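The structure appears below as structure tokens.
All chains are named by letter (A, B, ...) in the order of the sequence lines, taking the proteins before the strands, and each is independently numbered beginning at 1. Everything numeric here is computed off the predicted structure, so don't read it as measured data.
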Amino acid sequence: MSEVVPPLQKNYIANLVKKGKRIDSRKLDEYREIKITPSFIGNAEGSALVELGGTKVLVGIKLEIGEPFKDTPDKGVLITNAELVPLASPEFEPGPPDENAIELARVVDRGIRESEALNLEKMVIKEGEHVWLTFIDIHILDHDGNLFDASTIGAVTALLTAKKPKAYMENGEVKIVDEWEPLPMEWIPASVTIGRINEKLMVDPNFEEENVLDAKICIVFDDGNKICAIQKVFGVLSIEQMKEAVKLSEKKSSEIRQMIMEAVKGEVEKHEKRKGKKQKNR
Amino acid sequence: MSEVVPPLQKNYIANLVKKGKRIDSRKLDEYREIKITPSFIGNAEGSALVELGGTKVLVGIKLEIGEPFKDTPDKGVLITNAELVPLASPEFEPGPPDENAIELARVVDRGIRESEALNLEKMVIKEGEHVWLTFIDIHILDHDGNLFDASTIGAVTALLTAKKPKAYMENGEVKIVDEWEPLPMEWIPASVTIGRINEKLMVDPNFEEENVLDAKICIVFDDGNKICAIQKVFGVLSIEQMKEAVKLSEKKSSEIRQMIMEAVKGEVEKHEKRKGKKQKNR
Amino acid sequence: MSEVVPPLQKNYIANLVKKGKRIDSRKLDEYREIKITPSFIGNAEGSALVELGGTKVLVGIKLEIGEPFKDTPDKGVLITNAELVPLASPEFEPGPPDENAIELARVVDRGIRESEALNLEKMVIKEGEHVWLTFIDIHILDHDGNLFDASTIGAVTALLTAKKPKAYMENGEVKIVDEWEPLPMEWIPASVTIGRINEKLMVDPNFEEENVLDAKICIVFDDGNKICAIQKVFGVLSIEQMKEAVKLSEKKSSEIRQMIMEAVKGEVEKHEKRKGKKQKNR
Amino acid sequence: MSYLLKEKPKKLINENGLRLDGRKRLELRPIKLKVGTLKNANGSAYIEWGRNKIIVAVYGPREIHPKHMALPTEARLRCRYSMAAFSTPERKRPGPDRRSIELSKVIKEALKPALFLERFPKTAIDVFIEVLESEGGTRVASITAASIALADAGIPMRDLVAACAAGKVDGQIVLDLNSAEDMYGEADLPIAMMPRKKEITLIQMDGKMSIDEFNESLKICIDACDKIYEVQRKALIEKFKV
Amino acid sequence: MSYLLKEKPKKLINENGLRLDGRKRLELRPIKLKVGTLKNANGSAYIEWGRNKIIVAVYGPREIHPKHMALPTEARLRCRYSMAAFSTPERKRPGPDRRSIELSKVIKEALKPALFLERFPKTAIDVFIEVLESEGGTRVASITAASIALADAGIPMRDLVAACAAGKVDGQIVLDLNSAEDMYGEADLPIAMMPRKKEITLIQMDGKMSIDEFNESLKICIDACDKIYEVQRKALIEKFKV
Amino acid sequence: MSYLLKEKPKKLINENGLRLDGRKRLELRPIKLKVGTLKNANGSAYIEWGRNKIIVAVYGPREIHPKHMALPTEARLRCRYSMAAFSTPERKRPGPDRRSIELSKVIKEALKPALFLERFPKTAIDVFIEVLESEGGTRVASITAASIALADAGIPMRDLVAACAAGKVDGQIVLDLNSAEDMYGEADLPIAMMPRKKEITLIQMDGKMSIDEFNESLKICIDACDKIYEVQRKALIEKFKV
């Protein structure tokens with residue numbers, strides 16, 4: 001959100017919304033075109049280029065072997081980082097991640113971590129000593145609004161298509177074999193960002209819309225109909241609007257999930273099997 | 001000390017001092033009211049809230065087990081840090097400690113370290129390998145002058161009331177038991193800050209006074225009548241003024257020490273016993 | 001190079017150069033006076049103070065024992081750092097090394113590393129575990145142009161005169177004896193910096209000249225007639241100028257090398273022997 | 001102290017429906033709120049919420065540095081949430097980490113809708129939050145206190161902001177999670193509201209919740225915010241009644 | 001992935017004169033260059049050069065912050081070469097390191113002579129280079145793409161800048177080194193030129209080369225830059241032909 | 001080199017009253033002081049004090065950046081005490097640490113009273129101190145040299161500032177502690193004075209001393225400062241006599 005709102009632009013968009021219309025002629029509950037290109041980067045263990053309208057996000061997964069955290073010796077480590085590089089927008093400045101980059105990284109991380117999409121317990125080589133560190137690096141290339149959803153789509157797709165070599169212990173040392181297997185993914189969380197303007201909700205605000213919204217909220221659903229993360233990014237919502245946003249995001253999240261599954265088709269079968277089992281146990 | 005001295009304010013204070021008076025009607029050698037609240041923070045191993053007139057300082061002690069420095073394998077490690085958080089004064093700015101915060105931390109540290117108040121040799125679990133790291137964190141909450149004395153009072157009180165669990169070696173590993181004991185405190189150093197204005201000395205300058213002083217000096221005494229730290233903070237002193245300041249600080253330091261002992265009464269007995277022994281050996 | 005070129009100064013220097021002359025009455029291919037003082041700093045394992053006209057550079061070598069890099073377990077580690085301290089020029093500012101300091105350090109490093117002047121394979125105590133870390137610290141004291149050559153002369157001289165204690169493994173631990181030996185130096189690289197102005201080349205530009213040059217390039221030769229590093233620092237060169245610069249720098253580099261050898265006379269014999277052997281194997 | 005690592009308790013709610021600290025499912029921890037405790041700040045507040053101890057100072061509206069940070073049509077609200085090194089069982093290294101940077105932002109966004117920032121263009125309003133001791137729920141306690149400190153500083157406000165968390169623990173929806181419940185529970189849902197206008201200014205969630213559970217959590221938070229609003233009003237009256 | 005450390009190959013050029021990736025001694029890797037791929041930037045270009053993938057954005061001429069950075073008689077050209085964390089076999093920590101700071105500078109110096117900076121005094125022209133995947137030769141690929149992005153941004157130029165490296169591998173002079181050749185070869189000589197003016201705007205070398213080898217390397221680079229210049233021109237025509 | 005750790009010597013003063021470096025109890029190390037050794041600085045001085053080697057440059061009065069650092073009624077004096085990486089037995093990491101930040105401040109406060117800063121409002125006077133080699137007592141050597149560098153820069157001064165340390169070693173009060181005495185001695189008391197005005201501009205102490213010992217230390221420091229003042233005056237005369 002830029003800091004000074006141009007009032008004319010705001011009125012124009014607000015009036016359109018009152019009639020259920022938007023500046024790019026979408027419906028209020030319609031996403032821009034989503035294009036997902038998995039495995040874009042050869043040097044990454046997993047990656048995805050996501051184009052959401054004019055927004056371009058590249059996510060890469062890198063794996064390393066390291067120590068677990070002291071208080072979770074039986075779990076791998078997940079580290080999510082976002083870079084709002086100045087290439088992507090005249091608003092982004094060089095330097096360490098600012099509050100917006102950190103919020104973005106932490107919300108994407110939360111959606112994946114809290115949904116337990118990546119089973120960190122299966123990312124252990126030897127409990128308390130050697131685990132897989134999974135780095136999710138989010139690189140914004142062009143910022144045309146709704147970075148949260150584009151980044152979550154990218155991160156989830158990259159994880160679903162990532163491969164890791166087999167590793168085991170031998171004589172107290174970690175051995176790695178050149179046999180590659182997918183990461184233990186259990187769920188496909190999907191994030192839905194909703195804007196409020198003129199008391200109406202709209203999904204997937206673009207950059208111009210974000211600049212004039214009264215409120216923005218991001219809601220992430222796992223694929224078992226549970227909310228696994230919420231973040232009100234700015235503005236206020238009434239209680240009714242909040243409940244409406246949750247319902248809307250539940251619906252849209254399954255459409256997005258469908259697109260991710262489409263993009264990673266090869267992976268889908270495996271995932272469906274896993275999911276089938278899970279749902280029964282639930 | 002703020003950087004630009006208001007000349008009217010300076011004249012007013014200087015004229016008062018000539019008559020032995022001060023803006024808050026104290027005598028030149030009189031401290032403001034001191035209120036010491038030990039054990040204020042439950043999560044800290046030791047802590048003290050010190051109110052010195054309008055100045056509020058909170059000091060916390062945290063303990064960790066770590067490695068000794070290479071050149072002192074037979075000693076625990078003492079780390080003192082001061083945060084001049086922007087909450088405490090419009091003059092403080094966010095960011096890493098500046099020269100004033102570092103000077104404050106180092107002077108408080110010096111008083112404790114050089115007086116050998118905390119016996120670091122008794123903070124060793126296994127020589128050269130495992131020792132206690134003692135962190136003294138000084139948090140300024142409201143800055144109304146004389147941070148040095150308030151912080152030293154806080155640090156000493158927090159150390160006197162701190163508890164550490166017993167630790168010992170077993171099969172090459174550190175074991176910790178839930179039995180708590182006080183830190184090995186040998187002395188009660190006390191710091192006295194003195195200002196010079198109009199060729200007169202005054203103790204415990206408040207914020208307004210600090211802004212117009214010609215010089216400020218801080219002198220720390222252990223409780224065996226020895227000086228253990230001096231820091232001229234700014235300005236100049238004649239040789240006679242310097243000697244006078246030392247005498248004055250000796251006298252005031254024992255009053256302050258008395259107040260600390262009052263505040264940690266439970267600890268006093270133990271301390272007195274320790275001190276009795278020490279004095280004989282001196 | 002300062003950022004704004006004074007046009008009058010530029011014309012004056014450019015016109016002189018057309019006639020083969022320079023502001024300090026040197027010839028185009030003439031260096032300023034070079035004064036080398038080896039072993040200036042007692043606390044350094046090797047050091048040299050270099051005065052190149054008005055430019056003063058102090059280089060110190062420090063040695064530590066540490067781990068090799070993972071991908072070169074059979075080599076010692078070389079770390080080169082340059083500090084453009086604000087003492088040396090009104091253009092230098094306090095703070096971490098900027099792009100100019102980093103470029104300087106990396107070009108000096110490259111000349112030494114790529115010429116294999118210091119035989120890093122002989123700086124290993126135990127392969128994969130303990131090697132010598134060699135720190136080259138370049139401290140600019142007065143900046144009157146041509147820091148690259150002055151720094152390389154300083155670094156090479158400091159390395160040639162540095163001593164290290166003998167170290168060996170005993171019961172899995174590194175032992176160090178108080179017997180000192182020179183570092184395993186194989187070559188004496190020499191750097192030649194060339195400026196272009198008015199389509200003419202000149203060596204060793206001073207500060208005023210650097211400010212008005214059309215281009216500056218630094219070329220390093222090992223002492224076996226091979227180029228081991230090039231860095232165009234700014235500006236453009238035609239292809240012919242580039243070739244001419246290489247020839248010129250080959251010639252001047254042997255003069256500089258001669259001066260270094262003069263300065264470290266005691267070391268020269270040993271070096272010559274080493275070099276004799278090497279040349280045969282080439 | 002982190003070297004005495006506590007194990008995860010088997011049950012967070014016992015057979016009598018009581019939680020580890022003896023509270024009932026929908027019971028708030030005791031809250032003490034004091035206004036105007038600092039001398040230098042333009043406004044301040046100190047809150048004890050359970051074992052949480054937090055002090056908040058407000059400076060401003062005041063000049064802004066560097067100048068290009070100034071906004072032409074309103075005051076820039078800046079928040080700094082910071083934890084004292086000794087506020088946590090394991091010592092926290094001083095300086096902002098990623099968590100505190102995110103919290104500073106969400107707290108700022110929770111307070112902003114309540115302020116008439118447009119009355120002070122080109123200035124800064126700074127909210128400094130120091131967590132002196134933490135026991136779970138520091139962000140809602142911080143917002144509750146900061147809102148009062150802003151009022152104490154005389155910043156004109158549309159409404160106070162009251163905040164509280166709900167969550168899911170041992171399968172049940174509970175109010176006002178403490179540290180252990182936050183760490184070992186299934187979900188945490190901190191909410192801030194302008195109580196009179198019934199508008200949500202902060203909502204975050206992590207963990208897993210069904211939509212029904214979410215709606216229930218939302219409801220008990222709204223009720224709790226009303227109670228906290230009363231605490232806030234009393235604290236303000238206390239200050240100004242003299 | 002760094003944990004599967006590759007050994008140094010015995011030969012980098014086989015008995016048939018072919019390199020590890022099947023190329024001949026003087027053969028360039030395939031180059032794809034696309035202009036104007038970004039929406040926000042004033043100019044942009046995307047290059048795939050072998051497995052290198054690099055995107056470049058140009059912003060400016062625009063206002064400069066802080067103001068005292070402004071130059072009175074020309075635009076300040078600023079370059080930022082940066083590698084994505086996932087661009088290398090071993091994860092690269094985000095943020096500038098010494099190598100990328102040096103590369104940012106030499107790339108800036110390679111582009112600067114081609115620009116009429118004096119037409120935009122007191123402004124900034126920013127070139128942002130993001131290496132998304134690297135396989136050796138990122139600096140020459142970056143310069144090649146940046147030059148096109150500058151043209152796309154409408155910055156007036158004396159000439160394009162084309163760049164390529166030569167080097168010495170297994171004792172032979174080869175064109176366009178890849179990662180393995182860069183790491184295990186004997187010398188690397190990246191060069192940038194203004195092809196029409198035949199002027200060198202970047203030259204660096206590390207490794208060891210005789211003067212003859214240097215001259216040969218220089219020659220093959222010049223020829224290669226002519227080819228790359230054609231690729232650049234075609235990409236620009238492609239963009240503007242619509 | 002730190003890997004050859006020296007043990008603490010049994011005695012720092014032998015039976016003949018001589019110290020490890022052969023000096024008597026109240027003997028200064030040899031001091032060489034040279035004015036105007038740097039070309040770029042407005043004023044400079046180089047001091048060798050025992051094995052300490054320190055160079056000081058003064059720049060200013062000059063414009064100040066950022067502007068809001070300017071003081072309306074006087075020049076801002078800034079000091080930067082910095083140790084070269086190779087100046088100590090163990091390599092020092094470049095960049096300021098807590099010790100050097102404190103020393104920069106106390107040196108600034110030691111010099112400030114001697115300067116007529118009010119003659120140059122809104123400007124900066126920068127004192128840059130580079131310790132090239134250290135052997136104990138660098139702060140007093142730095143002040144002694146800096147005072148001369150300020151005079152060399154033509155900054156009007158009330159008096160020079162001369163500095164020296166006393167201390168307690170093996171139970172005796174000694175003058176001018178070296179490294180070993182500083183490390184293993186009982187107390188260290190560095191003092192700076194304006195010798196003509198007999199005013200103390202720096203005094204610090206660490207260690208333990210009785211009041212009597214303090215007074216004795218003070219006395220021998222004052223005497224030593226008079227001697228150092230002579231060295232300073234000679235150095236200035238040397239410079240300007242040509």
Side-chain angles (χ1 to χ4, degrees), chain B residues 40-47 49 51 53-56 58-66 79 81-83 85-97 101 105 132-145 158 162-165 167 174-178 180 206-207, chain D residues 1-6 36-46 48 50-60 62-63 65-66 78-96 100-101 104 124 126-136 146 149 179:
Chain B
F40 189 75
I41 298 297
N43 279 336
E45 277 80 326
S47 65
L49 176 66
E51 289 160 88
T55 287
K56 272 200 189 66
L58 179 58
V59 180
I61 308 294
K62 293 295 293 177
L63 297 171
E64 286 180 14
I65 291 170
I79 299 123
N81 184 55
E83 297 281 315
V85 290
L87 164 125
S89 165
E91 291 181 5
F92 297 164
E93 284 178 20
W132 288 100
L133 318 181
T134 305
F135 292 89
I136 302 177
D137 283 292
I138 300 165
H139 224 75
I140 308 300
L141 299 182
D142 219 355
H143 174 17
D144 189 24
K163 299 268 186 298
K164 73 178 179 59
V174 182
K175 296 281 162 191
I176 295 168
V177 221
D178 204 353
W180 297 72
N206 66 23
F207 184 79
Chain D
M1 243 189 284
S2 66
Y3 37 84
L4 286 171
L5 265 182
K6 300 284 186 291
T37 51
L38 295 179
K39 177 189 158 85
N40 284 318
N42 298 117
S44 60
Y46 173 70
E48 288 189 10
R51 279 210 298 120
N52 291 303
K53 292 187 184 66
I54 298 167
I55 191 159
V56 181
V58 170
Y59 285 88
R62 63 178 176 180
E63 235 186 302
H65 288 288
R78 298 187 291 199
C79 267
R80 183 179 179 270
Y81 166 98
S82 150
M83 298 186 92
F86 44 74
S87 65
T88 46
E90 183 159 10
R91 178 174 186 267
K92 208 209 140 289
R93 283 185 51 171
S100 68
I101 291 172
S104 296
D126 286 306
V127 177
F128 299 118
I129 297 163
E130 295 291 326
V131 177
L132 306 178
E133 182 157 14
S134 74
E135 194 219 1
S179 286

Practice problem: Would you verify whether the NZ or CZ of D:K53 falls within 45 degrees of the ring axis of D:Y46 while also being under 6.0 Å from that six-membered ring's centre? | Solution: no
Quiz item: Picking from D:S87, D:G95, D:A41, which has the most non-hydrogen pairs under 4.5 angstrom with chain B?
Solution: D:S87
Quiz item: By side-chain contact (heavy atoms from CB on, under 4.5 Å), which residues pair with B:P96, not counting sequence neighbours?
Solution: none
Self-check item: Structural part of D:V58 lying under 4.5 Å from a heavy atom of chain B
Solution: neither
Exercise. Let me know if B:V59 has heavy atoms under 4.5 Å from chain D in its side chain, its backbone, both or neither.
Key: backbone
Self-check item: Residue D:T37 versus chain B: region with a heavy atom under 4.5 Å
Solution: backbone
Quiz item: What pair of heavy atoms forms the shortest contact from B:F40 to B:S47, and how long is it?
Solution: N-OG, 2.8 Å
Exercise. Anything under 30° is parallel, anything over 60° is perpendicular, the rest tilted; go ahead and classify B:H143 against B:F92.
Key: parallel
Quiz item: Any Lys/Arg nitrogen of B:D137 or B:K62 sitting under 4.0 Å from an Asp/Glu carboxylate oxygen of the other?
Solution: no
Exercise. Check whether B:A88 gets within reach of chain D through its side chain, its backbone, both or neither, counting any heavy atom under 4.5 Å.
Key: backbone
Quiz item: For D:K39, is it the side chain, the backbone, both or neither that has a heavy atom under 4.5 Å from a heavy atom of chain B?
Solution: both
